[in-house]
Amino acid sequence: MTRAEADNRDLYAIADLAREFGISTRAIRFYEAKGLLSPERVGVTRVFRRRDRARLILILRGKRLGFSLRDISDYLSLYDADRSQQVHLLAGKVEERLASLEAQLSDLQTTIAELREIKKLADERLEKA
DNA sequence: GTTCTCACA
DNA sequence: TGTGAGTA
């Protein structure tokens, strides 16, 4: 199945989505258990529609950007309810995440500078010996 | 192949 | 934030 075909189809088994996105079926069930996904059922078997697939894409993107499942869940739950509140929440979370990353970057730069200084001193001692 | 639950890192 | 194992 090509990506375009996957995009147009409306019914997916859990294994289809796991394969397409390179994640485990366990992870998909885990996201459902956490309330991020709510596939239909045929009997006991999950049936995912385009909507669920779209949500899964958002989940994976959120994870890649470093957001918790809780954050992503909060965001997704506002999709139907209140879109302007959703955008508001997003803006806040993004700002928070940026601040966190910038703090990490700053810490890393401090650590790198310190290590470089140690390296410099060590190299100088080697030259004398 | 799918489901669920429990233990575990 | 998931995985492994056992079950049906």
Side-chain angles (χ1 to χ4, degrees):
Chain A
M1 174 168 49
T2 67
R3 186 55 183 259
E5 284 165 348
D7 261 331
N8 289 329
R9 193 153 61 123
D10 201 63
L11 259 29
Y12 305 87
I14 191 169
D16 297 334
L17 296 178
R19 198 180 320 110
E20 179 178 4
F21 297 110
I23 59 181
S24 66
T25 57
R26 305 288 309 282
I28 294 175
R29 290 188 201 100
F30 183 74
Y31 299 153
E32 178 185 357
K34 291 294 171 184
L36 283 80
L37 253 24
S38 48
E40 296 163 27
R41 300 283 179 144
V42 172
V44 295
T45 306
R46 294 168 176 80
V47 174
F48 296 79
R49 313 202 75 110
R50 263 205 308 277
R51 168 193 172 81
D52 304 301
R53 182 172 171 279
R55 289 174 66 98
L56 181 55
I57 289 170
L58 288 176
I59 292 166
L60 297 177
R61 180 151 87 119
K63 277 171 46 65
R64 187 167 42 80
L65 296 177
F67 293 102
S68 67
L69 293 183
R70 180 55 193 273
D71 286 339
I72 299 168
S73 176
D74 290 344
Y75 173 78
L76 287 177
S77 65
L78 261 38
Y79 185 86
D80 299 306
D82 189 336
R83 301 295 277 275
S84 77
Q85 193 191 335
Q86 186 185 36
V87 174
H88 191 77
L89 177 77
L90 179 62
K93 287 299 178 184
V94 166
E95 185 177 20
E96 199 175 281
R97 180 67 181 143
L98 277 173
S100 169
L101 285 173
E102 280 159 5
Q104 282 187 54
L105 179 58
S106 173
D107 286 347
L108 284 172
Q109 285 168 336
T110 300
T111 301
I112 287 171
E114 192 173 339
L115 288 169
R116 282 189 174 137
E117 183 62 23
I118 292 170
K119 175 79 162 66
K120 195 183 99 186
L121 293 174
D123 287 345
E124 285 170 5
R125 290 199 188 187
L126 283 176
E127 285 171 22
K128 290 183 196 166

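Chain letters run A, B, ... following the sequence lines, proteins first and then strands; every chain starts at 1.
Residue A/Arg29 has no polar side-chain atom (N or O) positioned under 4.0 Å from OP1 or OP2 of C/dG4. Note on A/Lys34: every side-chain N or O is 4.0 Å or more away from OP1 and OP2 of C/dG2. Close to C/dT1, at under 4.0 Å from its OP1 or OP2, lies no side-chain N or O of A/Tyr31. For the pair A/Ser24 and C/dG2, the criterion of a side-chain N or O lying under 4.0 Å from OP1 or OP2 is not met. Between A/Arg46 and B/dT2 there is no side-chain polar atom (N or O) within less than 4.0 angstrom of OP1 or OP2.
When base pairs are accepted only as Watson-Crick or G-U wobble with both N-N or N-O distances under 3.5 Å, DNA chain B takes part in stems of 3 or more pairs at B:4-9 with C:1-6.
Side-chain N or O atoms of A/Arg55 include one that pairs as donor or acceptor with a backbone N or O of A/Leu36 at under 3.5 Å. Judged by distance alone, with hydrogens and angles left aside, the side-chain atoms of A/Thr111 form a donor-acceptor pair with the main-chain N or O of A/Asp107 at under 3.5 Å.
For the pair A/Phe30 CZ and C/dT1 C1', the interatomic distance rounds to 5 Å; values are reported in whole Å. Taking atom CD of residue A/Glu32 and atom P of nucleotide C/dG2, one finds them 15 Å apart after rounding to whole Å. For the pair A/Asp16 CG and B/dG1 P, the interatomic distance rounds to 13 Å; values are reported in whole Å. Atom CZ of A/Phe48 is separated from atom P of B/dT2 by 10 Å (rounded to the nearest Å). The nearest whole Å value for the distance from the CG atom in A/Leu37 to the P atom in C/dG2 is 13 Å. Distance A/Tyr12 OH to B/dT2 P: 17 Å, rounded to the nearest Å.
For A/Thr45, whose side chain is taken as the heavy atoms from C-beta onward, the closest listed nucleotide among C/dT3, B/dT2, C/dT1 is B/dT2. Of the listed nucleotides (B/dT2, C/dG2, B/dC4), B/dC4 has the atom at the smallest distance from the side chain of A/Arg41.
Summary of the strand contacts: A/Arg26 and A/Ile14 both lie near DNA chain B, and taking for each the nucleotide with the nearest heavy atom, the more 5' one is attributed to A/Ile14.
Between A/Glu32 and A/Arg41 there is a salt bridge, with a side-chain nitrogen of the basic residue lying less than 4.0 Å from a carboxylate oxygen of the acidic one. The pair A/Asp80-A/Arg51 meets the salt-bridge criterion, with a side-chain N (NZ, NE, NH1 or NH2) lying under 4.0 Å from an Asp/Glu carboxylate O.
No hydrogens or angles considered: a donor-acceptor pair under 3.5 Å links the side chains of A/Asp71 and A/Ser68.
The minimum heavy-atom distance between A/Ile59 and A/Ile72, with the atom names listed, is O-CD1, 3.5 Å.
Residues A/Val47 and A/Ile28 fall into different hydrophobic clusters, defined by Ile, Leu, Val, Met, Phe, Trp and Tyr side chains chained together at heavy-atom separations under 4.5 Å.
Heavy atoms of A/Ala15 sit under 4.0 angstrom from primed sugar atoms or phosphate atoms, though from no base atom.
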